[in-house]
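Data first, discussion second: the structure below is written as structure tokens.
Convention: sequence-line order gives letters A, B, ...; per-chain numbering from 1. Bear in mind that the values here come from a model prediction, so they are computed numbers and not experimental data.
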Protein chains: 2
Amino acid sequence: MLDEKKGLTLDISSCKPLREIVFETIRCAIITGELQPGQRLMEVRLAEEMGVSRTPVRESIRKLELEGLVKMVPRRGAYVTPMSVNDLKEMMEIRRALEELAAELAAMNATEEEIEKLYDANRRFGESALANDEAGIIKNDMDIHDIIYEASGNKKLLAMINSLREQMQRFRAEYVHRIEDKTPLVDQHMEIIKKIENGESALAKAAVSEHIHSTGDDMLQVLYAVKNDKNKNEWAL
Amino acid sequence: MLDEKKGLTLDISSCKPLREIVFETIRCAIITGELQPGQRLMEVRLAEEMGVSRTPVRESIRKLELEGLVKMVPRRGAYVTPMSVNDLKEMMEIRRALEELAAELAAMNATEEEIEKLYDANRRFGESALANDEAGIIKNDMDIHDIIYEASGNKKLLAMINSLREQMQRFRAEYVHRIEDKTPLVDQHMEIIKKIENGESALAKAAVSEHIHSTGDDMLQVLYAVKNDKNKNEWAL
DNA sequence: GCTTGTAATATTGTATACATTATCCATTAT
DNA sequence: ATAATGGATAATGTATACAATATTACAAGC
């Protein structure tokens with residue numbers, strides 16, 4: 001059951017079924033870029049790397065296909081889905097609509113405790129931005145948005161945004177490296193939080209829309225930069 | 001490979017891999033209500049009914065779990081996800097946000113040919129509504145929305161809305177039975193189409209928002225009626 | 001030199017076998 | 001009579017075997 005060879009390694013500590021661990025391992029490898037876009041996923045090879053049989057690997061690949069992270073060609077195998085600029089644009093549009101909805105609902109439903117957590121997370125985000133602590137920036141930014149999604153009270157919305165966000169994460173690591181100053185985002189976050197606190201759903205929605213729109217534009221600019229980077233040609237752009 | 005027993009039957013005519021046919025067969029059975037909410041899905045039984053082995057059945061169930069149509073409990077089996085009133089409410093909220101986005105984008109991107117198809121589909125919808133032709137009402141309504149999604153130019157948005165819509169379809173058959181007069185929807189559709197034709201994205205978005213909101217309310221009313229219907233207790237409400 | 005055909009290899013698709021665990025029913029003890 | 005316990009049964013989780021198809025390499029012909 002354990003990994004005996006190089007490559008992906010499983011976290012056996014949890015008590016989940018093996019297939020879930022395998023699924024999350026492969027998924028994480030794709031999102032972090034360990035498995036690169038366009039790369040072929042061969043069942044036997046992945047199974048050997050993780051020290052399991054083909055069965056859980058197959059199930060994982062099929063599920064990843066449904067999620068869009070993997071593309072399958074019948075009888076030919078599975079590939080990590082390459083993302084085009086257009087794909088990212090489509091996901092940004094959808095994400096904006098969903099984030100707007102989340103803010104709108106959060107403004108109607110957020111508890112005092114959640115408001116408190118928002119202020120707290122944004123304070124930490126500001127510290128990370130000042131210190132240029134990339135890991136902290138990403139984590140605290142995700143925290144802020146997570147709290148908003150949960151405050152919306154819509155569990156399915158939370159799951160859908162998270163799926164989208166994780167797929168975009170494949171670009172995001174690259175993105176944060178190239179951006180210099182993230183401190184303006186602290187004010188954007190603060191504005192959103194205030195609207196939510198006051199229950200001004202329409203204004204919260206508008207603030208989020210602007211926030212996503214500006215960061216989305218940044219991201220696309222980075223994408224074009226990546227496109228012209230010789231070392232990143234494996235990304236199908 | 002063929003069905004030798006009672007129950008689900010496969011459509012062998014296509015050249016797709018068996019697993020895709022199995023997936024779609026089970027998925028369709030859940031959406032149409034042939035497999036009822038809360039019902040247990042036993043791999044051996046489903047496999048025997050369709051005349052295939054457990055492997056493609058397992059893969060299908062795992063994928064359906066990811067989509068939310070099936071709920072799995074480790075070591076205990078899989079069940080058709082029961083839908084609560086709250087689940088439907090969550091999906092309605094998300095669908096409204098996505099439909100608004102689709103209309104907004106369609107207003108910016110629709111071709112003349114697509115506008116023409118919209119008018120045509122709405123004319124047919126009106127005929128079905130007048131004749132109280134339930135199948136026609138559903139089909140033409142879906143056509144109208146489909147054309148809008150495609151006109152948006154966002155493929156991922158199309159896929160997401162369709163997935164949501166098909167899940168809500170589980171209620172929809174019930175819904176249409178109980179509604180008397182669908183003709184007011186013809187005007188609502190017409191208004192949306194006109195805004196799209198004129199490229200008025202904000203107005204198109206608003207019109208769709210209102211349209212979804214009103215039909216959503218209807219649907220929730222039906223749900224409460226279903227809830228009080230003794231024959232429908234298998235729906236976990 | 002390039003294309004085409006064919007055999008060898010590798011990979012996917014499906015089926016089945018085995019191990020583990022949950023469920024159910026009967027028996028027994030309180 | 002009821003509750004608890006134990007075994008039989010059945011289901012899931014995983015691994016492996018086999019068949020069908022795709023890929024590759026190499027050789028023969030143009």
Checklist outcome for this item: Its contact letters, B for base, S for sugar-phosphate only and - for none at protein heavy atoms under 4.0 Å, make nucleotides 6-13 of chain C read -----SBB

Next on the checklist: Whole angstroms only, please: what is the CD-P distance between Glu59(B) and dA15(C)?
Outcome noted: 11 Å

Checklist entry - Of all residues at least two apart in sequence or in a different chain, which pass the salt bridge (Lys or Arg N to Asp or Glu O under 4.0 Å) check with Glu67(B)? => result Arg27(B)

Item to check | Whole-Å gap separating C1' (dA11(D)) and CD (Glu48(B)) | outcome: 12 Å

Checklist outcome for this item: Residues at least two apart in sequence or cross-chain that pass ring pair (Phe, Tyr, Trp, His ring centres under 6.0 Å) with Tyr149(B), listed by chain then number, are none

Next on the checklist: For a quick test of reading the model: is some side-chain N or O of Ser53(B) closer than 4.0 Å to OP1 or OP2 of dA15(C)?
Outcome noted: yes

Checklist outcome for this item: Hits for side-chain hydrogen bond (donor to acceptor under 3.5 Å, both in side chains) against Arg54(A), two or more places apart or cross-chain, chain-then-number order -> Glu43(A)

Checklist entry - Under the ring pair (Phe, Tyr, Trp, His ring centres under 6.0 Å) test, which residues partner Phe23(A), sequence neighbours left out? => result none

Checklist entry - Which residues satisfy the salt bridge (Lys or Arg N to Asp or Glu O under 4.0 Å) test with Asp87(B), sequence neighbours excluded? => result none

